[in-house]
K.L.:
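Once you've had a glance at the structure underneath, I'll fire off some questions.
Computed from a prediction, not measured in an experiment: that's the story for all the values here. Excluded from the calculations below are hydrogen atoms, water molecules and symmetry mates; all remaining heavy atoms, backbone and side chain alike, are included.
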Amino acid sequence: PDSPLARWTKSLHSLLGDQDGAHLFRTFLEREKCVDTLDFWFACNGFRQMDLQDTKTLRVAKAIYKRYIENNSIVAKQLKPATKTYIRDSIKKQQIDSAMFDQAQTEIQATMEENAYQMFLTSDIYLEYV
Amino acid sequence: IDSEDDLLQECISSAMPKKK
């Protein structure tokens with residue numbers, strides 16, 4: 001009952017907390033050309049754990065912004081304009097906060113749960129693994 | 001100094017689930 005596969009179908013969160021699950025989901029998203037959404041999700045988690053005193057943290061915030069939000073990438077398209085503006089302004093003012101990507105991550109996660117995650121659970125990549 | 005890409009990659013990797 002508590003096999004990895006049972007956990008994967010429980011929630012997106014359980015899937016992403018499992019190494020094999022996250023890896024398989026990533027392979028699926030690569031094929032669907034939306035792997036950036038998953039990388040962004042993990043980047044948000046990684047960023048939240050960073051030390052705000054470390055000068056590296058501002059550089060990482062800028063890197064996340066540049067790579068996923070500033071351009072018209074798949075992540076940017078799924079975010080609300082207000083969310084993007086908030087992050088842009090925080091970076092501009094160099095007001096770095098551990099929670100500054102939380103809202104964006106929540107929005108991306110909701111979209112993943114509704115779309116990619118459901119598609120994954122019926123995909124041949126998943127069914128073959130099962 | 002690490003490049004921006006390296007920093008981003010490091011950040012993503014740090015959040016990935018580890019082997020059990």
K.L.:
Should B:Ser14 and A:Phe47 count as side-chain neighbours, where that means a heavy-atom distance under 4.5 Å?
P.N.:
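The answer is no, as the side chains (C-beta and beyond) never meet within the 4.5 Å cut-off.
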K.L.:
Looking at every non-hydrogen atom in both residues, tell me the closest pair between B:Cys11 and A:Ala43 and how far apart they are.
P.N.:
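B:Cys11 and A:Ala43 have their closest heavy atoms at SG-O, 3.3 Å.
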K.L.:
When heavy-atom pairs shorter than 4.5 Å are enumerated against chain B, which of A:Lys56, A:Lys62, A:Gln49 gives the highest number?
P.N.:
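It is A:Lys56.
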K.L.:
Could you measure the distance from the CD1 atom of B:Ile12 to the CD1 atom of A:Ile64? Nearest 0.5 Å is fine.
P.N.:
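That separation rounds to 7.5 Å.
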K.L.:
B:Gln9 versus chain A, heavy atoms under 4.5 Å apart: side chain, backbone, both or neither?
P.N.:
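No part of B:Gln9 comes within 4.5 Å of chain A.
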K.L.:
Is B:Glu4 paired with A:Arg59 through a side-chain N to carboxylate O contact shorter than 4.0 Å?
P.N.:
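Looking at B:Glu4 together with A:Arg59, the answer is no, because their closest N to O distance does not fall below 4.0 Å.
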K.L.:
One pair to check against side chain to side chain contact (heavy atoms under 4.5 Å, CB included): A:Gln19 and B:Met16. What are the steps and the verdict?
P.N.:
CA-CA 7 Å; A:Gln19 194 183 40; B:Met16 295 280 228; over 6 Å; no
K.L.:
Could you report the tightest heavy-atom contact between A:Gly17 and B:Pro17, atom names first, then the distance?
P.N.:
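Closest approach of A:Gly17 to B:Pro17, heavy atoms only: O-CB, 3.4 Å.
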K.L.:
Report which part of A:Arg67 has an atom under 4.5 Å of a heavy atom belonging to chain B: side chain, backbone, both, or neither.
P.N.:
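Contact with chain B involves the side chain of A:Arg67 alone.
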K.L.:
To the nearest 0.5 Å, tell me how far B:Leu8 CG sits from A:Asp39 CG.
P.N.:
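B:Leu8 CG to A:Asp39 CG: 8.0 Å, rounded to 0.5 Å.
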